[in-house]
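On a predicted model such as this, the values are computed, not experimentally measured, just so you know.
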Amino acid sequence: MRVFFCIAILFLIACSKENKPAVPNPTQTSIINGFDLSFTPLLEENNTLFYIDSLPLPILDVAQKKGINTIRLRLWHSPASKHSHLNEVIAFAKRIKSKGFKFWLDFHYSDTWADPGAQSKPKAWDNLPLPILNDSLYTYTKSVLSLLKAQGLAPEYIQIGNEINNGFLWPTGQINDLTDTNFVHFASLLKSGIKACREIPPQTQLMIHYAGYANARAYFQALIQKDVSFDIIGISYYPWWHGNKLQDLSVSLSFLSTLYKPIVIAETAYPFTLQWNDWTTNILGNADNLVSNMPATPNGQALFLANLRNIVSQNQSINQHYGICYWAPEWIAYKGANATDASPWENLTLFDFNNKTLPAMDSLIIK
């Protein structure tokens, strides 16, 4: 009877531990001060120079001197050009690792851009039934990571898909909402990619990436209920697309933190001007959806990032792996003032029109 009683007590203790949220471990804190530098190889082909004051430096040296510790790169399956191809990612990852940065790999699982409005399958996977698509996803993911690990390039962070609000690998993994009957297929595909990542390398932190904050908690809760195993919640936040009230963002991140997973702003940007430096049409050209009292000026850009930094730091349920990654800080007007096919982003970078670092680069850093 005594043995039975002891077993019962041990069972109750085990259950209570299992249901208890993870306790933060301050010794494991890993703050992400990140840049997505996926455009850098393209810019380097055009002999682009960047400057701190009057000193010309390669972009990785600029990042290092300014306190960036993590570099994110996108990976396309079989792109039409060599950019964002596996060979390019491997070559750049070697430079990233040699400089002491952490490496964040963003699997798009597409031959081109993947975002909430476009999640086309790689051409090689067209018309595959779900079981074979699951196997292809698993095999591809594992082969990429095996190759990286063999060269000492294992990523510290991995995204399974890019901005997958509406699923990925459409139409097989597409969802229209959280009640979509296709959600089970979406979850199945996620698990295939995650399984490969858990096997190689085991120390990697896995991120699911969602654009915006509207309905984000319900989305991640649905994934958890489907037993999708991931480590980090990744959120894109661009005020002109996702809402220009920072208080709303803060409330949403606080709500998200009740899921007891670290939160990272996986993409963000803000304008330092509404002017342009080439003839490529810019993504943002008016002030209608900017944050109040944060104009499109160098100081306004710096103020935005300082506020965003504070919001992220204050809304952590687990003090591990939180932070901010600035998207395309280097995507300047790299082809010159007359180009119509270059950068639509030069007023959203962290360099002015003379390629000198802006004050916002310092405001980004979480210490």
Flag this pair as yes if the NZ/CZ of Lys261 is under 6.0 angstrom from the six-membered ring centre of Phe230 and inside a 45 degree cone about the axis; otherwise no.
yes
Does NZ or CZ of Arg72 lie under 6.0 Å from the centre of the six-membered ring of Tyr326, at an angle within 45° of the ring axis?
no
Does a sphere of radius 6.0 Å around CG in Asp177 hold more than 12 heavy atoms from other residues, nucleotides or ligands, not counting ones at 6.0 Å or beyond?
yes
Check whether more than 12 heavy atoms from other residues, nucleotides or ligands sit under 6.0 Å from atom CG of Asn87, and answer yes or no.
yes
Proximity of Trp345 and Tyr334 rings by center, below 6.0 Å:
no
Counting the benzene-type ring for Trp, do Tyr237 and Tyr270 have ring centres under 6.0 Å apart?
no
Please check if any side-chain donor atom of [X] sits under 3.5 Å from a side-chain acceptor atom of [Y], or the reverse.
X: Ser257; Y: Tyr322; value: no
X: Thr48; Y: Asn46; value: no
X: Ser188; Y: Asn134; value: yes

Could you give all pairs that pass the side-chain hydrogen bond (donor to acceptor under 3.5 Å, both in side chains) test and reach residues 112-129, with sequence neighbours left out?
Ser110-Ser120, Lys121-Thr172
Nearest heavy-atom pair of [X] and [Y]: which atoms, and what distance?
X: Ala216; Y: Ile235; value: CB-CD1, 4.2 Å
X: Leu75; Y: His85; value: CD1-C, 3.9 Å
X: Val89; Y: Phe103; value: CG1-CZ, 4.0 Å
X: Ala154; Y: Lys97; value: O-NZ, 2.8 Å
X: Glu199; Y: Lys195; value: OE2-NZ, 3.0 Å
X: Ile164; Y: Tyr219; value: O-OH, 2.8 Å

Tell me whether Lys335 is salt-bridged to Asp341, with the criterion being a basic N under 4.0 Å from an acidic carboxylate O.
yes
Using 30° and 60° as the class limits, which term best fits the ring planes of Trp279 and Trp276: parallel, tilted or perpendicular?
tilted
Give the ring-plane orientation class for Tyr140 versus His77, where under 30° counts as parallel, over 60° as perpendicular and anything between as tilted.
tilted
Not counting sequence neighbours, which residues clear ring pair (Phe, Tyr, Trp, His ring centres under 6.0 Å) with Trp240? List them please.
Tyr238
Residues which pass ring pair (Phe, Tyr, Trp, His ring centres under 6.0 Å) with Phe351, listed by chain and number, not counting sequence neighbours:
Phe50
